[in-house]
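In what follows, a single structure is set out as structure tokens and then discussed.
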Amino acid sequence: MDEIFSRIRQARERMAEAAERSGRSAEAVTLVAVTKTVPAERVRLAYEAGLRVFGENRVQEAREKSGALTDLPLAHWQLIGHLQTNKVARAVELFEMVQSVDSIHLAEALNRSAEAHSKRLLVLLEVNVGEEASKEGVRPEALAALAEAVVRLPHLEVQGLMTVAPSTPQPEAVRPVFRKLRELREAMRERFPEATWQHLSMGMSEDYVVAIEEGATMVRLGRALFGERTIK
Ligand SMILES: *Cc1c(COP(=O)(O)O)cnc(C)c1O
């Protein structure tokens, strides 16, 4: 049997235990399978193992892959990587959610394109909580201004926040990053009650247990499910 099945089972068990430790049920946390560099046939196996939400970080790759998997009726595709404005129209066609909104300019472009497609696009605001120079995402001090602009855009539905924590072999070291994102979410909820702020997308293969303990509602797992990526 393909090891994807046992990896998914193991991840789900660890997710359920962490959810319990945070006083929530396993269903409160969505497993987003990060399928960048993973060929369509293996994504199909993951679907057969019960996964439904797939995260890609490039529009072109997602287009090819989802195009090869149009027979999976319950698959949901989400964009988790940086989006250039010239790819906004294709992104709006392909994805149900864009997790990586980090500027007003991008949000406005997505809103115009969603309107043209008569669509309401789900979005998360990406925050660079660790304030690493190399990372995408809005700085925490600039989040409120971004949120204020995005909640007004009629074709976008803001559902929460996303972050990519600094990479570390010691997951405990990034607990403060996850806690900070949760606190930012509470602040946004108070200031902009017109959005639900239901989602905190945080935690990847190395640190998802800690992220769930700190309140993640979505974890994005690539290597934990599919093994090491051979190409970037
Ligand atoms: C690649 C990627 C992931 C998954 O990383 P793993 O370490 O393989 O789990 C999650 N989120 C984003 C934004 C990514 O680019």
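Both backbone and side-chain heavy atoms feed into the values below; hydrogens, waters and symmetry mates do not. First listed ligand is number 1; within each ligand, the first listed atom is number 1. Quick caveat: nothing in here was measured; it's all calculated off a predicted structure.
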Task: Inter- and intrachain pairs under ring pair (Phe, Tyr, Trp, His ring centres under 6.0 Å), touching residues 41-72, at least two apart - done: F54-W77
- [ ] Output all residues satisfying side-chain contact (heavy atoms from CB on, under 4.5 Å) with T196, sequence neighbours left out; order by chain, then residue number.
- [x] Q159, Q198
Task: Which residues share a side-chain contact (heavy atoms from CB on, under 4.5 Å) with A28, sequence neighbours left out - done: R24, S25
Open item on the list: Can you list every protein residue that has a heavy atom under 4.0 Å from any atom of ligand 1, sorted by chain and residue number?
Closed with: V34, K36, N57, I80, V164, M204, S205, R220, L221, G222, R223, R229
Open item on the list: Between E206 and R223 (salt bridge meaning N to carboxylate O under 4.0 Å), is one present in this structure?
Closed with: yes
Open item on the list: Main chain of A211, side chain of D207: is a donor-acceptor contact present, judged purely on distance under 3.5 Å?
Closed with: no
TODO: Please determine, by modelled atom types, if S100 and H82 share a side-chain donor-acceptor pair under 3.5 angstrom.
DONE: no
